[in-house]
Amino acid sequence: MKRFEATPEEQERLATGNNNGSLDCKIPAPQPVGPRSVFHSTRVFMLVFLSGWVLQGMFLTYFVSVTTTIEKLFKVESKTTGILLAATEIGQICTSLFLTYLAGRGHRPRWIACMMLVLAVGVVGCVVPHMLYGTRLLDVHLDAHRSGPAPVCSYYGNATNCDAAHYKSSETRSSITAVVIPWLFICLLVVGVGQTGIATLGIPYVDDNVGSKQSPLYMAITIGIRVIGPALGFLLGALCTSVYVNPLSDPGYESNNPRWVGAWWLGMVFIATFIVLLSSLMFCFPRQIKQESVPPPTKKGKEKQEPFFKDFFVTIKRQLTNDILMWRTASSVLHLMPISGVYSFLPKYLEKQFRLPTHDANLVSGLGGILLMGVGIITAGVVIVKVVPTARQVAAWTAATAAIYSAGMVLLMFVSCPEENFRLLDNGAINGNLSCSVNCNCENVAFNPICGQDAFTYLSPCQAGCLDSHQLDNSTWLYSNCSCIDAAGTGEKATNTLKQFEAWNRSEWLHGDGGGWAVSGECAGPCGKIYVFIAIFAALMFVHASGEVGAVLIIIRCTDKFDKAMAMGVIQFAIGVFGNVPCPIVFGAAVDAACRLRDAACGLLGACASYDNDSLRHFYLGLSAGLMFLAFIMDMLVWSKAGRIDMNPGEASSAPHSPPPVPLALLPADSAPLRPDT
């Protein structure tokens, strides 16, 4: 039978569904569809896509979990590691708008696969410094932490261990650091470019291939499962930092020894390997999974053979004039900054505030809040599917979560452990000029804290005026004849340490020429307040995460279908420029502002050795609370305009005699809501 061609007017009526039955005889019979591969499945795509997104999240928090090791190994400040963390966001900024514009109209699964390969290249690049300089840098680190007692008081010369070899080692470390830090910045820049495609292209692809009623549940699963990545990243960091930097050798001391360096590079090899495997699977997915009836091409469509970037700026203008999208963008930036900033330095905060070992701090960071964030996101998705709230109700709950989080951070400022009882503290500052040790030549002595029998912590045996040292085990030393320590004191930590090593009766050690004694380490012991902190912090993360699904749905529903990826790109661009780039730098500066003593070796300053806990809490948690309160204000502006959003456009398009949907971005600001019953 001869195939008939519809006129342009008839094609337009077909496209809008208004054919009145007049063209039924001209529509060809549907052709039988052949067998579809396993990759023509939304569930299979979700499995591969979410696995890649989990690995992306794993790398970011894994790098955060090893920052303390990097700071110790390369002797850099928190501001420097904050700049490194910001590099990933700079990479996103450089590519988010153009990538989402090009890939949003192209074969999105293949674009995602290519971005996965770029991500893997960046991750592998972060391992290169260990391959090139690992052995030399470890030798320098061990040379700076020579086995033996810390320097004691010396009346006849400099008390430090700074000799020609020591100075040469310090110069070697400085030269290596000058090469490695810029290299890591470039690699993390590449990581940022690679991770752009996964989020900005994957979520719109999922939304286009499921019904609007099921979209909230899929969004909840997508965002909720993604949260598992950061949790696994902290757990992987805890595992790798408990392994020696050279896994094939036994250093002969435990992970709590100052000489210990964890295998900071090991987790990156694992992550890069699995990303490459997943990218090969992502190449196999089709351009579109959901089968839709596509109207015949019109003359107008044929005439649009224009350059790809012809309407790029028109599309950008359409997003910038969408008032709801702009307020939601500002809200997204302010929602992300407190969360990202807190988690960027959460392991360090737990180490310093609650005196946890590095691997325990990483475990708490991963399990204490991130997993509950995933539960909160999935729970919110199920509730939205069951209750089907309006856009105003969704926006109101997002604002409420911001207010609750801000108030909770203020509450956490009052949860802390007692301040370390330094003997040399004077109005919140370290004062090294004790009259009892002023002649001990303690200039340039490194930070080697000792706990005196008077229950005070001293910066080093030299500054406590100690003359003798006695080894108790591989990492514990007893220092005696200390002129600055009260010999009548019976501090709990020092006394228990002597009883543990059965040295209490060694009178020739404890009662020499006068003065008190001390043991290596600080006097502060374990603190039970960590459990209160975890309980409140986890509850806040759960509540805040429950607003994430609604926030993403508002972004998707307030834009045209073909602009979904571009809207996500605008959000990603804004989050990068105004959120993720300055966020780790600002929070790193806040953490450094609470530092009261930086480690020093042979005149070279290193990482912060001691923080003022009160200032650390106020700067770190107060900054997070203030930013989230600004997010609450932005959420209220979104709530005031959210009545124009239809959260279930699928119902409107499937309802009988319903008019064709009009994109919200094309409506005037004061237009009435588009509802199925209007």
Side-chain angles (χ1 to χ4, degrees), residues 199 203 215-216 219-220 223-224 227 319-343 369 372-373 376-381 383-384 387-411 539-559 564 567-568 570-580 582-583 621-647 664-665 667 669-670 673:
I203 290 180
S215 182
M219 291 300 104
I223 304 174
V227 171
Q319 309 306 311
L320 296 179
T321 54
N322 187 337
D323 55 344
I324 295 180
L325 179 62
M326 289 299 97
W327 289 123
R328 183 86 274 283
T329 300
S331 173
S332 296
V333 171
L334 292 170
H335 269 275
L336 180 135
M337 286 188 70
I339 302 297
S340 176
V342 164
Y343 272 103
L372 278 179
M373 286 176 64
I377 290 172
I378 295 176
T379 302
V383 170
I384 291 176
V387 178
V388 192
T390 64
R392 284 176 65 87
Q393 291 172 333
V394 171
W397 176 245
T398 303
T401 60
I404 294 172
Y405 177 94
S406 183
M409 285 292 117
V410 174
L411 178 63
L540 293 177
M541 292 300 106
F542 176 85
V543 172
H544 181 267
S546 64
E548 290 298 312
V549 178
V552 174
L553 285 174
I554 288 177
I555 295 170
I556 293 178
R557 294 290 178 258
C558 75
T559 57
K564 289 179 183 179
M568 296 297 293
V570 170
I571 294 282
Q572 196 79 8
F573 180 83
I575 286 176
V577 172
F578 304 108
N580 285 337
C583 181
L621 300 179
L623 181 59
S624 181
L627 290 172
M628 191 61 76
F629 183 77
L630 295 178
F632 166 74
I633 297 176
M634 296 298 105
D635 288 332
M636 293 305 297
L637 292 173
V638 174
W639 170 81
S640 67
K641 300 177 180 294
R644 310 199 321 261
I645 301 176
D646 182 10
M647 295 295 284
L664 180 65
L667 291 176
D670 57 350

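Bear in mind that the values here come from a model prediction, so they are computed numbers and not experimental data. Position 1 is the first residue of the sequence, and the numbers go up from there.
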| field | Verdict with supporting geometry, Val394 and Leu553, side-chain contact (heavy atoms from CB on, under 4.5 Å) | value | CA-CA 9 Å; Val394 171; Leu553 285 174; 5.9 Å; no
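- With sequence neighbours left out, the side chain to side chain contact (heavy atoms under 4.5 Å, CB included) criterion links Ala403 to Phe632.
- Across all non-hydrogen atoms, the minimal contact from Pro389 to Ile384 is CD-O, 3.6 Å.
- Atom CD1 in Ile324 sits 7.5 Å away from atom NZ in Lys641 (nearest 0.5 Å).
- Heavy atoms only, all atoms of each residue included: Ala402 and Asp635 are closest at CB-OD2, 3.8 Å.
- Under the side chain to side chain contact (heavy atoms under 4.5 Å, CB included) criterion, Met634 pairs with Trp327, Ala330, Ser331, Leu334, Leu637, not counting sequence neighbours.
- Considering only residues two or more places apart in sequence or on other chains, His544 meets the ring pair (Phe, Tyr, Trp, His ring centres under 6.0 Å) condition with His335, Tyr405.
- Pairs passing the side chain to side chain donor-acceptor pair (under 3.5 Å) check and including a residue from residues 547-556, sequence neighbours excluded, do not occur.
- With sequence neighbours left out, Leu623 forms a side chain to side chain contact (heavy atoms under 4.5 Å, CB included) with Val586, Phe587, Ala590, Leu627.
- Scored by the side-chain hydrogen bond (donor to acceptor under 3.5 Å, both in side chains) test, Ser546 finds Trp397 as partners (sequence neighbours excluded).
- Listed by first and then second residue, the salt bridge (charged side-chain N to carboxylate O under 4.0 Å, His left out) pairs that reach into residues 390-410 come to none, sequence neighbours excluded.
- By the side-chain hydrogen bond (donor to acceptor under 3.5 Å, both in side chains) test, Ser332 pairs with Arg328, sequence neighbours left out.
- The heavy-atom pair separating Ile377 from Val549 by the smallest distance is O-CG2, 3.4 Å.
- By the side-chain hydrogen bond (donor to acceptor under 3.5 Å, both in side chains) test, Tyr343 pairs with no residue at all, sequence neighbours left out.
- Within the structure, the salt bridge (charged side-chain N to carboxylate O under 4.0 Å, His left out) test picks out no pair touching residues 331-343 (sequence neighbours left out).
- For the atom pair Leu540 CG and Ile339 CD1, the distance stands at 8.5 Å (nearest 0.5 Å).
- For Ala396, the side chain to side chain contact (heavy atoms under 4.5 Å, CB included) criterion is met by Trp639, not counting sequence neighbours.
- Here the closest heavy-atom approach between residue Pro338 and residue Ser624 is recorded as CB-OG, 3.2 Å.
- Closest non-hydrogen pair, Thr398 versus Gly547, comes out as OG1-O, 3.4 Å.
- Nearest heavy-atom pair, Ala625 versus Ser406, reported as atom, atom and distance to 0.1 Å: O-OG, 2.9 Å.
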